[in-house]
Amino acid sequence: MFAEYDVIVVGAGHAGCEAAHAAATMGSTTLLITMNMNTIAHMSCNPAMGGVAKGQIVREIDALGGMSGIITDKSMIQFRMLNRSKGPAMWSPRTQNDRMRFAEEWRLALEQTPNLDFWQEMVSEIMVENDTVIGVRTQLGIEIKAKTVVLTNGTFLNGLIHIGEKQFGGGRAGERAATGITAQLESLGFETGRMKTGTPPRVDGRSLDWSKMTEQPGDENPGKFSYSSETTPLTEQRSCYITYTNTTVHEILETGFDRSPMFNGRIQGLGPRYCPSIEDKINRFAERERHQIFVEPEGWNTVEIYVNGFSTSLPEDVQYKAMTQIPGFEKARMFRPGYAIEYDFFPPTQLQSTLETMGITNLYFAGQINGTTGYEEAGCQGLMAGINASLRAQEKDPFILTRSEAYIGVLIDDLINKGTEEPYRMFTSRAEFRILLRQDNADLRLTEKGHTLGLASNQRFLEMSTKANALDNLRKNLETISVTPASADPHLEAAGTNTLREKTTLAKLIKRPQINIGHLSAMSTDWQKATEDTNQDILEAAEIAIKYEDYIAREQELVNKIQGLENHRIRQDFDYLRVKGLSSEAREKLIKQRPETLGQASRISGISPADISILLVYLGK
């Protein structure tokens with residue numbers, strides 16, 4: 001019935017979709033297996049993409065040739081660039097999306113991808129011979145052979161849904177859990193654990209009083225995620241709204257604490273620290289009289305509303321009673337209650353930097369199975385797992401991104417070296433080189449790599465090259481076009497900065513904090529002519545490159561110094577027992593995690609600089 005595939009991807013969430021698209025686009029025969037073809041790329045939680053650091057990840061996926069950015073642009077209903085008041089390393093794009101259109105666009109894109117087949121069924125087992133995966137076995141007993149397998153099971157592995165004292169199996173509301181794989185992987189020697197996440201109630205927008213909330217519109221001049229010309233910015237947007245809980249809401253919620261699965265011990269899994277449930281918030285931050293609630297539309301035409309900030313697993317009657325005390329929600333009609341879900345994950349220290357497992361060759365894990373949370377974190381893991389599974393099937397060298405090349409590199413390096421005891425979420429603070437890893441330059445960093453892989457198209461590479469040339473020309477113009485005090489001083493005074501004593505270049509002016517690229521056209525007709533047909537995004541990128549060039553150079557110098565450790569490769573069969581002087585903890589962790597480089601070893605918790613020095617001397621011999 002089935003021929004042997006190069007790559008089988010199990011699960012069609014954000015990780016699975018990116019993995020399947022990447023592998024097939026790179027020329028590998030690929031099979032995507034999902035329990036329900038109608039829920040491909042379903043947004044299980046909030047209908048939004050991006051956000052702080054997450055937006056950078058989506059830009060990186062897009063730059064490499066992945067689809068998340070394009071799908072997001074085609075289904076967005078609002079665009080905002082967060083953290084504009086901070087430095088450009090912190091700027092993070094975020095969109096509100098039409099949930100149904102997002103899933104539809106993903107499915108259409110996958111169906112139009114050559115080399116990609118689909119099968120609807122549960123995978124109950126992976127087939128293994130001599131510690132190497134050779135395919136999967138489905139619930140119907142069908143065996144499908146493959147050179148590589150990528151598991152992206154999301155919250156479905158032994159998923160258990162909690163609403164108050166009620167609990168039932170499921171991967172998400174209305175969908176059954178996946179069983180069999182966890183027990184098999186445990187029998188093969190894998191460590192496993194339980195994690196927990198949650199979702200808020202959904203309500204009928206026609207029943208809300210919007211006049212009691214604060215409107216949160218999109219950007220006046222909205223941008224988009226994808227660097228490609230395939231998508232365009234929005235000309236019309238839908239607003240979100242903000243309201244707040246109060247002490248009455250908190251008191252009502254507390255009446256259900258005795259029936260809360262979080263507080264009575266029924267939930268054993270670890271929940272996300274940075275996206276806690278409403279009951280967790282009022283318990284941990286008892287001194288706060290209110291918490292912010294973001295009221296987010298689920299799409300262009302639907303009346304369904306996502307109540308962001310009110311994630312809960314309390315009994316449904318308590319949820320509803322408390323919600324009706326929130327301003328604007330007094331007459332709210334609930335579509336469905338919030339719930340918590342527990343699921344199995346596998347500590348990611350069992351993975352190599354390609355996301356291939358250490359225990360079973362040619363088996364890759366991506367997404368929440370690795371202990372992460374969020375669509376964006378899942379998508380980038382799926383992309384990297386799909387790339388590497390395809391490369392392995394084609395007997396080519398693996399593809400790895402370092403911490404200085406991408407947030408994706410930071411995420412994977414964190415997971416495989418440090419592991420995670422709670423759902424991992426990306427933040428800008430996790431990236432030590434975030435000035436280099438900005439959202440505006442992901443294409444300049446990564447598109448050539450994606451093109452070499454056969455993932456980013458020739459058109460994408462041409463667009464990136466055109467942008468790079470335009471930036472070079474803009475920088476040259478900024479460094480060569482001069483202005484006199486007479487032409488510049490009125491504008492400098494208006495901006496609140498010092499006037500000129502002599503003629504100076506635009507590059508020197510743009511380095512002033514008070515001056516932005518928009519001021520320059522009024523000061524110089526030469527600059528005006530040079531930029532009259534230039535895209536605003538490219539102008540902004542040129543400004544960042546000049547304004548922050550000293551910081552960028554300093555960070556690049558640090559990268560170059562650290563690169564020395566990354567260049568020291570460690571064989572996978574290296575015998576750490578022969579190295580005298582290593583601490584017992586270091587030896588134990590090095591044997592268990594098998595770092596691929598000395599730099600990777602240095603980031604493993606519990607390994608000291610002294611241990612690294614000893615290893616450096618030994619490897620030098």
Side-chain angles (χ1 to χ4, degrees), residues 50-53 55-60 62-63 69 72-73 76 78-95 218-229 231-235 237 407 428 434-447 460 463-481 491 495 497 505-524 526-553 555:
V52 177
Q56 283 87 328
I57 289 176
V58 178
R59 283 266 163 98
E60 290 177 352
D62 180 75
T72 299
D73 288 350
M76 65 181 171
Q78 185 193 91
F79 180 93
R80 294 178 65 216
M81 185 67 76
L82 307 182
N83 286 338
R84 277 283 193 179
S85 61
K86 300 179 181 178
M90 304 292 285
W91 296 358
S92 303
R94 184 185 188 273
T95 61
D219 286 352
E220 186 175 344
N221 297 304
K224 63 191 186 82
F225 266 112
S226 181
Y227 294 100
S228 79
S229 55
T231 61
T232 55
L234 289 169
T235 55
Q237 301 186 74
Y407 271 91
T428 51
R434 57 184 174 271
I435 296 176
L436 299 179
L437 308 182
R438 306 182 309 278
Q439 55 82 32
D440 66 277
N441 70 352
D443 55 342
L444 301 178
R445 290 185 276 123
L446 299 174
T447 296
R460 296 295 296 273
E463 290 172 357
M464 182 278 295
S465 301
T466 302
K467 174 182 173 179
N469 291 333
L471 281 171
D472 285 342
N473 290 332
L474 284 175
R475 289 193 65 162
K476 288 173 185 174
N477 285 328
L478 285 167
E479 289 163 355
T480 55
I481 295 175
H491 307 288
T497 184
T505 64
L506 294 179
K508 289 182 179 177
L509 287 181
I510 200 67
K511 287 192 174 185
R512 297 187 181 189
Q514 302 89 344
I515 301 299
N516 61 48
I517 205 84
H519 291 117
L520 303 186
S521 293
M523 299 182 196
S524 168
D526 288 340
W527 175 255
Q528 206 173 57
K529 291 175 184 175
T531 59
E532 57 186 355
D533 296 321
T534 305
N535 182 288
Q536 183 61 36
D537 289 341
I538 294 179
L539 287 172
E540 202 169 69
E543 175 183 353
I544 292 168
I546 289 286
K547 194 182 285 284
Y548 297 93
E549 65 179 346
D550 294 340
Y551 298 98
I552 293 169
E555 203 157 270

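Residue numbers start at 1 and run along the sequence shown. Because the structure is predicted, anything quoted here is derived from the model rather than measured.
By the 4.5 Å heavy-atom criterion applied to side chains, Glu463 and Ser228 are counted as neighbours. The side-chain heavy atoms of Glu555 and Ile552, taken from C-beta on, include no pair separated by under 4.5 Å. Residues Leu478 and Trp527 are in side-chain contact: their nearest non-hydrogen atoms beyond the backbone lie under 4.5 Å apart. A heavy-atom distance below 4.5 Å is found between the side chains of Phe225 and Thr95. Looking at heavy atoms from C-beta onward, Leu444 lies in side-chain contact with Leu471 at the 4.5 angstrom threshold. Taking the side chain as every heavy atom from C-beta outward, His519 and His491 never approach each other to under 4.5 Å. By the 4.5 Å heavy-atom criterion applied to side chains, Leu474 and Thr531 are counted as neighbours.
The NZ atom of Lys467 sits 3.5 Å away from the CG atom of Asp443 when rounded to the nearest 0.5 Å. Atom-to-atom distance recorded for Arg445:CZ and Tyr407:OH is 8.5 Å, nearest 0.5 angstrom.
Cation-pi geometry between Arg460 and Tyr227 is not met at under 6.0 angstrom from the ring centre and within 45 degrees of the axis.
Between the side chain of Gln514 and the backbone N or O of Thr497, no donor-acceptor pair lies under 3.5 Å.
By the 4.0 Å N-to-carboxylate-O rule, Arg438 lies too far from Glu540 to be salt-bridged with it.
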